[in-house]
Every structure is written in structure tokens, then in C-alpha cells.
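Some notes on the structure that comes next.
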Amino acid sequence: MESATFKVWRGDQEGGDFETYDVDLEPGYVVLDAIHKIQAEQATDLACRWNCKAGKCGSCSAEVNGSPRLMCMTRVEDVAGDGPITVEPMRAFPVLKDLVTDVSWNYEVKAAIQQVTPREPDFEDGSWEMNQYDVERPQEFRKCIECFLCQNVCHVLRDHQMHAEFAGPRHFVFAAQAEMNPIDVGDRVAHLRDDMGIGYCNITKCCTTVCPENISITDNAIIPLKERVVDRSYDPLAKLMGAVFGSEKG
Amino acid sequence: MSVYQEFEHDVLVIGAGGAGLRAAIEAAAAGVNVGLVCKSLLGKAHTVMAEGGMAASMGNVDERDGWKTHFADTMRGGQYLNSWRMAELHAKESPVRARELEGWGALFDRTPDGKILQRNFGGHKYPRLAHVGDRTGLEMIRTLQDHGIHQGMDVHMEVTVTRLLKDGERCVGAFGYDREQGRFRIFKAKAVVLATGGLGRAFLVTSNSWEGTGDGHSLGYHAGAELRDMEFIQFHPTGMIWPPSVRGILVTEGVRGEGGILKNNKGERFMFDDIPPLYVDQTADNPEEGWRYVTGDREARRPPELLTRDHVARKIVKEVQEGRGSPHGGAFLDIAWIKEHIKDSEAHIKKKLPSMYHQFKELAGIDITKEQMEVGPTTHYAMGGIAVDPDTQMTTTVPGLFAAGEVGGGLHGANRLGGNSLSDLVVFGQRAGEYAAKFAKDNPDYSVSEEEIKEAAVEALAPLERGVTALNPFQLQLELQTMMQSKVGIAREEEGLTEAVGSIREISGQIADVGAGGNRWYNPGWHTALDMKHLLTVSEAIALSARERKESRGAHSRLDHPDKDMAWSTFNHVVRKGSDGEMVVERQDIPQILPELQAIIEEEG
């Protein structure tokens, strides 16, 4: 493959359209290489975010041929078909310009979640004893690179636009890493239920499918958190005890 | 007529990687108002790319380790051009800074008895690097970010600073623009911390992201700060080299720490050939001993693949030059071979080096559990940086201006040991934050010059006002990078360096002709045109310092002066702006080391 045709969405909040660019390819080209080449040679004001170009920073999220991907980890030869390759911004967030979207809402949602709250240190030097088995579970969630592709495909956000009621998969993963941190004594159950709207997730696993870090978002983060919420809030025996002996936690 | 958005902070931190975040957290803890400027989104800074780990002599894996050994290792690695005081503080304080991260949510890999696990790395005598697989930088930046946002600081995301503001000698703020709409922002501040990271984008092949354009080095220099040790650029020995699209992407030293070996196209393990005298006593002389070392035998010496990065990079170049390179001009890095020793090596490699497995699988179509990787040197890190007071991190010549992390100079001397960067960020980030807050409290009164702001605005708008011109900013950047790669890269000589200085000045002259089309909204062409000033400033500082140093030492290799010369071991090169605006390089004597520290170096051999 020596060249490819790209249709890149150009525009802003007012609207926009696809523009067509022909790009000469070099071996191993990823979609981000092609975008950079268009920038350098044909459209110096083409806006896109990127940093590491190695799948580690989660900046260059976009929709390539309609599927959500990191542009830096998508080989052109893997997405090339008969027609042009389309590249457009993530559709669950307001567009700023071209491929760049306004993801600031994610930062607000995260800031409202209780951070890891450690118990007293185990040793005099201020450290804790934790074993590998116990840290591995939250370590999976800490692989998250905050590309927000999971947020982009979640139908509660993308189709129903419930950003005010629902925090989205990224933030359940974030809450899960804190909840499952072995030294954490925080409590996020009420927040998960009342503010983050975890109940709206109907476990269709779209988020898990697109995660470039292969985090089992639904099975390992969301479902266990849902169980915590249910155990606390809807256990009939606990509810009865709470009614009789005073309010329960959460 | 420009419209400005104005912000006032006690302490302004420019840069939001590990050092900037740690400085901001410390300043906020001191009770002052803190502003944190990120060139990208929060959490995306280059720290995220760090892989192998954070050096801290906690002695969790080998109790013989301690700050004295770490100090001696750092000085030896830096060929004794380091600031010995910074090396001392760094070695003493990194364990505290590592443990503190766990209280903020970090989860390092563990030893069998539940402590922070530590791994082997080049130039470190004992297993010393706290790590999380091969994504330690992500763990560090996320921890600092998630803690930082609860400490009451204002975060300015996607804002680029183009100039520092001065009140007489003192730094009192910064001028910049937001990427989103191109609006100008004025930050007035009682103290400013530069934590802008590196300058790898001055070269063609680099592991650095678009942000690494030497902004802080250049902002500091133009504001009157001194740059030191600028000739020392670390070319990391193992970057990806094939396919072309991935050229420069880092392959962690952790691969070698876990037993990976380097081979030439004849299958020879060439690193055994030539072991530098400083390291002969510490280095294994056969493969069997090397393997014992990486699997934890305390009596074994480390394999030559774990010699310092400058040496390994030069050895790979030599193999290529002498016709024994890999097909695309590098060497082979092989971790798959450990199947000879480890039963389920495939699962082991995926567990220890998950990102590397993923990176090669996705981008190069190579399964590192079965095949060898092709690697070669990539521009990775600037040892040189802004000259600072070792204790406070305040610049030596500009009151109120501090620098920490890669943009600061001194800790690493002529070559940085792997793992000493993440620890550098938090040790000196913390110190910069503490002393910047103190400075802000002690020096509340200042004024900002309207004239200077107007000047900065005119300068920033110039490329846009020229519109599309024959000279495209990306082309000019590429021209500079290509020239720097060939003339100021891993092998240097007088003639090439002189030509480089000439080219840099020529390209600087062309800046006035670079234009950018489009409007002020999120316009990469415009931003690239503005970054060129910084790239040219640091390129000139590197080329001039490299031309002055007529010897080979650490990361600086001169083909015309191939040997180390003891006469060059008593001073550092310092770059500053002369009274006529020309860049000047001077020698500055290294302060006499304290006898007790000298004794440690001798004892640790």
C-alpha cells in the first residue's frame, strides 16, 4: 500500500464536514502518522490531540471508520478497505475543532469522587504492608490511560446524553481502584448510587470492548461495585435493622 | 488590540508532569494560592511514558542498599560532573518520596513480605527501582494528579507559556495562550516554578512527545537564567527502529533488567567485548553470571547490558558502523531467550513487560515472547538544564524563578542513570514547591510591566498575522531536527558542530518569515511556529556547549576527541545570554566536594 485516501472531519461547534486528503504512506503507518502528514503538508491548522504516540497517554482518541480508537495504535493497513478511511472526533463530547473535543466534563466528575483515604501506616517509616495478590485487582484499573473511549461508546452517555446523572465507565473504574485499594478506608457507595448513577448501566459491555488497555471494565469494576451498592442499599434484612436501630451507612 | 485573561497566583507552576504536580502539591500544602499550567490535558505529560521505575534505596530487596550507595552510583554514572549536593539530597530523600506516593493511592508491585518491590537497572549496584510492571510513570502521574486536584489548586489545561514576565531581576509571572481559542492569558505570580520537562523534539529520532520543545530551558534563558551541562543529551540505547512510523519510541531498560540481552547480526552478545574501566569490577564477565544477577543472586555481578546508557548506546552504534547491525540499522534485543531458563517464559514476559509486549505486537507485528526486537538509540533526556541552588531549586540568577525535574540541571552530570528521573521529579519538585511558597510569602510586593505584556502579545500573534507563507512551520521544524540529528547527535566532531551553529543561526533568521494559516482556534501550525523559538534556543545551547567540550565523557562523544580527559573534570559549562544578546558559554568550577561525601565515593568503589 503506497497511498491512502482519508476523509477527515473538519469543523467546529457551528458545524462542519468531511474533507478528503490523499496521503503517501510509509511502512507501518498508523492513522496518527497520516493525520500528522496532512497537518505538515496540506492543512497546518488541522486540530488533533496527541502526546506519546505509543498508546500510553490516551490523548488521540477518535472514531476511525466509525469505530472508537486511539489513532496512534491503529495501523492504516488494518482499517483500509475499498473506500476512503474516515476519521472524526468522539461523538459523545462537544466538538471544539476538527478532531478535538471538550472532555472537561470528565475532569469534573472525577474530582467529585472521594480519593484514596489510607488507614494509619503499618510501619514507622510511614509505609504499609500489602501483598501482591491484593494489589493486583486494583492495579488492573490503574492501567487506565483516560482516553475516554469507554465514555464515548457508552449508550447512556452517547445516545441518552445523561451526563448529569451518570458518571460513565471511566469513573466506575476509578471508583473501583479506590474502593479495592488494600489500605483504603473511604466509602463511595452512596456516591456511586446517588450521584454517579451506577444503576443506569445495563452491562452491555460496549466499554470493555473498546478499552485499549483491555481492562475488564464491566466484569471486574462495574459489577462488583453494583453488588456493593445492592448489598448496602437493598438488602431487606439490613434495611429492617436500619429502620429499627437507626440509620445505616450510605 | 488584544484581550487578555488575567490570573493571580502566589505560586505559578509551569508544567504538570511529575515535578510540576509535586511542586504544586507542596506549595498548596504551605497554604499559598497555586496555579498549575499544563501544555496538554492534565495527566498526559511526558512522565506518563516513563516505564522502568523510580530509584529509591529502600533496601526492600537487598538490605545492603542505602543512600550512600545510591549517591555513589549517581555520581559515577554522571562522571562526577554532577552537583554533589543534589545527588546527596536525591539519594537521601527519594525513599520518603516513594513511600508517600502510596498514601496518595499508588500501588507498586510487592515483595513476598508485602513491601515495595525493587528491580535492577543500569548503573545501580542493587535492585533499587520501585515499579509497576513497565508503566511506572503512569502510576506516578496519575497518583499525583488524583491527589493534586483535591489540594485546592487552579489547573490551567492546554495553556502554553511563551514568555516569563519580569520586575527588574525578579520573575513575576508568565504570558501565554490557551490552545482551545488562542486567547492570551497573563499570570501574575510572586514565585514561578518551571517544570516543563525536556527538549527531545530538537532531534529527529526521539522518544519525546510534541511537548518536549525545551520551553522551560528557553523561557528561563531569555529571562536571565543560566543553563548548565547542555552538551549532555541522553540517547537511550533502545528505541524502536522499525517500521519507520515507530522510530524513536522507547523500549524500556526494564527489558534488560529482566534478563534481555543485546546481540549483533552474527548472534554475538557484543556487550561483553568492551567494559569501561570504571565498571570492570562490578560487571559480570560471562553470560551465566549475568543471568544469576538478574534472577537475584546477590553474589553475582550485573550483566554488561546493564552498563550505563551512554556506553550501551555507543556500543550499538559501533556494531552498526562495523557492519554487524540489524537489518534496519540497530541491534537485536532478545528477551525470548529466557525460555532456556524459565518454564513458562511467555506468561512471565507478559506479566513483567506488558506494555512492551503490547507495543511490539500492535505496532511492529512482533511477539517479543518468541522473537527478538530491533532497537537503536533514541534521543531521550536532557541532563543539562537551568542552573539552580541545590537546596531550594531557585535559579542562580533570577530571584523568584525556580526549576525542577528535567528542566533543572545538576543532578545527573554527564549521564543519567535510568530510574533517577522519576525520583528526581518528586524529590526536587517537593523542594521547589516548598521554597517557592516561602519566597512568595516573604516577597509579597511586585509589579508587572504592561509594556512587556504588549510586546509578548505582538510576538505571539506574528506568525498568524503573516498567514500562509512559503515557509511552513512544520517544514522548518523538520529541517532543524534533521540537521541536529546528523550534526549534534550521538557522534560529534568540531566541523559538524560549527556547521550546526551556523545552521541554527540561519534558521533563526528565517523565523520572521514563518507564517501559519487559519485562525486562533486550536491551530497546530501557529503553535509549532511559536515553539520554534524554544527549539532554536536549546539547539544553540547544546551545539555551542558540545563544541566547547573537546573530550568524550558520559553522553557526550567526540569523534575528534575520543578519550576522557581529566583536565575537563573540574568544571561545568554554563550558557547565558550575553549583554549584546548573543549566547555565551563559560566554564564554571565545580565546588569542592565535602570530604565525607568524597569518602563515600571512595568506599563504595
Side-chain angles (χ1 to χ4, degrees), chain A residues 12 26-30 33 36 39-41 43-59 73 75 96-98 100 102-104 107 110-111 115-116 118 121-122 125-132 134-135 138-139 142-146 174 177-178 181-184 214, chain B residues 40-46 48-49 95-96 99-100 102-105 107-110 112-117 132 135 138-139 142 146-147 149-150 157 180 209-211 242-246 249-250 355 358-359 362-364 472-475 478 516-519 521-526 528:
Chain A
D12 53 30
E26 285 186 56
Y29 249 34
V30 291
D33 288 312
H36 281 162
Q39 232 175 28
E41 295 172 0
T44 60
D45 64 342
L46 166 60
C48 82
R49 282 197 182 102
W50 73 283
N51 281 67
C52 74
K53 201 173 169 288
K56 293 189 170 71
C57 76
S59 301
M73 296 301 280
R75 304 262 299 241
L96 287 176
K97 185 182 160 193
D98 304 337
V100 176
D102 178 359
V103 292
S104 57
Y107 288 85
K110 190 189 202 183
Q115 65 180 126
V116 169
D122 298 336
D125 63 9
S127 64
W128 290 267
E129 184 176 332
M130 296 184 239
N131 66 48
Q132 185 65 31
D134 290 324
V135 300
Q139 274 180 341
R142 294 184 66 81
K143 289 195 299 184
C144 171
I145 56 174
E146 300 195 328
F174 181 70
Q177 65 79 31
N181 183 306
I183 62 172
D184 176 68
N214 298 311
Chain B
S40 290
L41 294 173
L42 183 62
K44 307 297 186 193
H46 202 57
V48 89
M49 292 286 287
V96 183
R99 292 188 194 109
E100 139 191 288
E102 293 219 305
W104 298 344
L107 290 170
F108 292 111
D109 288 343
R110 319 306 297 180
D113 60 349
K115 293 182 181 155
I116 295 172
L117 181 61
V132 187
R135 57 161 191 86
L138 172 67
E139 187 70 11
R142 201 64 85 231
D146 295 342
H147 182 69
I149 56 173
H150 293 285
M157 285 197 237
E180 182 184 328
S209 82
W210 73 278
E211 297 185 292
W242 190 259
S245 129
V246 301
I249 297 178
L250 193 67
S355 323
H358 190 60
Q359 185 172 307
E362 299 288 325
L363 297 176
N472 154 337
F474 291 100
Q475 283 163 1
L478 183 65
N519 59 29
W521 283 69
Y522 220 111
N523 186 339
W526 178 33
T528 301

### Message
Counting heavy-atom pairs under 4.5 Å with chain B, which one of A:A111, A:A178, A:A54 comes out on top?
### Response
A:A111
### Message
Taking side chain as everything from C-beta outward and backbone as N, CA, C, O, which of these in B:L138 sits under 4.5 Å from a heavy atom of chain A? Side chain, backbone, both or neither.
### Response
side chain
### Query
Would a distance-only check, ignoring hydrogens and angles, find a side-chain to backbone donor-acceptor pair under 3.5 Å from B:K115 to A:N131?
no
### Task
Could you tell me which portion of A:D122 (side chain, backbone, both or neither) has an atom closer than 4.5 angstrom to a non-hydrogen atom of chain B?
neither
### Message
Only pairs of heavy atoms separated by less than 4.5 Å count here; which of A:G126, A:S59, A:G55 has the most with chain B?
### Response
A:S59
### Query
What do the steps show when you test A:K110 against B:D146 for salt bridge (Lys or Arg N to Asp or Glu O under 4.0 Å), and what is the final call?
CA-CA 9 Å; A:K110 190 189 202 183; B:D146 295 342; 2.5 Å; yes
### Task
Answer with side chain, backbone, both or neither: which region of B:E139 has an atom nearer than 4.5 Å to a non-hydrogen atom of chain A?
both
### Query
What option among B:E362, B:H150, B:E180 has the most heavy-atom pairs under 4.5 Å with chain A?
B:H150
### Message
If we define contacts as heavy-atom pairs under 4.5 Å, which of B:D113, B:I149, B:V132, B:L42 has the most with chain A?
### Response
B:L42
### Message
As an exercise, state the distance from NZ of A:K56 to CG of B:L250, rounded to the nearest 0.5 Å.
### Response
7.5 Å
### Task
Taking the side chain as every heavy atom from C-beta outward, state whether A:R49 and B:S40 have any atom pair closer than 4.5 Å.
no
### Query
Picking from A:D125, A:V103, A:V30, A:D184, which has the most non-hydrogen pairs under 4.5 angstrom with chain B?
A:D125
### Heavy-atom contact with chain B under 4.5 Å, split by part of A:V100
side chain
### Query
Would you find a donor on one side and an acceptor on the other, under 3.5 Å apart, between the side chain of A:N51 and the backbone of B:H46?
no
### Query
CG/A:N214 to NE2/B:H358 distance, rounded to the nearest 0.5 angstrom?
6.0 Å
### Message
So which atom in A:P118 and which in B:G103 form the shortest heavy-atom distance, rounded to 0.1 Å?
### Response
CG-O, 3.4 Å
### Query
If you measure from OG1 on A:T44 to CD on B:Q475, what distance do you get to the nearest 0.5 Å?
10.0 Å
### Task
Return the option, out of B:G525, B:P95, B:G105, with the maximum number of heavy-atom pairs under 4.5 Å with chain A.
B:G105
### Query
Would a 4.5 Å heavy-atom cut-off, applied to side chains only, mark B:M157 and A:Y107 as touching?
yes
### Query
Under 3.5 Å, side chain of A:K97 to main-chain N/O of B:Y522, donor-acceptor pair present?
yes
### Proximity breakdown for A:I145 and chain B, heavy-atom pairs closer than 4.5 Å
both
### Summary
Answer key: most heavy-atom pairs under 4.5 Å with chain B among A:S104, A:C144, A:A43 is A:C144
### Message
Tell me if a side-chain donor or acceptor on A:R75 pairs with a main-chain N or O of B:L363 at a distance below 3.5 Å.
### Response
yes
### Backbone N/O of A:E146 and side chain of B:K44: donor-acceptor pair under 3.5 Å
yes
### Message
Less than 4.5 Å to any heavy atom of chain B: does that hold for the side chain of A:P182, its backbone, both, or neither?
### Response
side chain
### Task
Kindly say whether B:P244 contributes a backbone atom to a donor-acceptor pair with the side chain of A:E26 at under 3.5 angstrom?
no
### Query
Which atoms of A:I183 come close to chain B, meaning under 4.5 Å heavy atom to heavy atom: side chain ones, backbone ones, both, or neither?
side chain
## Note on the structure
Turns out that what part of B:L117 lies under 4.5 Å from chain A's heavy atoms comes down to neither
### Summary
Interatomic distance, SG@A:C48 vs CH2@B:W210, rounded to 0.5 Å, equals 10.0 Å
#### Entry: Spacing of CD belonging to A:Q115 relative to CH2 belonging to B:W104, to within rounding of 0.5 Å
10.0 Å
#### Entry: Top of A:Q132, A:Q39, A:E129, A:M130 for chain B proximity - count of heavy-atom pairs under 4.5 angstrom
A:M130
### Exercise: do A:Q139 and B:D109 side chains pair donor with acceptor under 3.5 Å
yes
### Task
For A:A47 and B:P524, work out which heavy atoms get closest and say how close.
CA-CG, 4.0 Å
### Query
Using non-hydrogen atoms only, which part of B:L41 is less than 4.5 Å away from chain A: side chain, backbone, both, or neither?
both
### Query
Any sub-3.5 Å donor-acceptor pair from B:S245's side-chain atoms to A:G28's backbone N or O?
yes
#### Entry: Contacting moiety of B:E211, where chain A heavy atoms sit under 4.5 Å
side chain
### Message
I'd like to know if the side chain of B:W526 and the backbone of A:D45 have a donor-acceptor N/O pair within less than 3.5 Å.
### Response
no
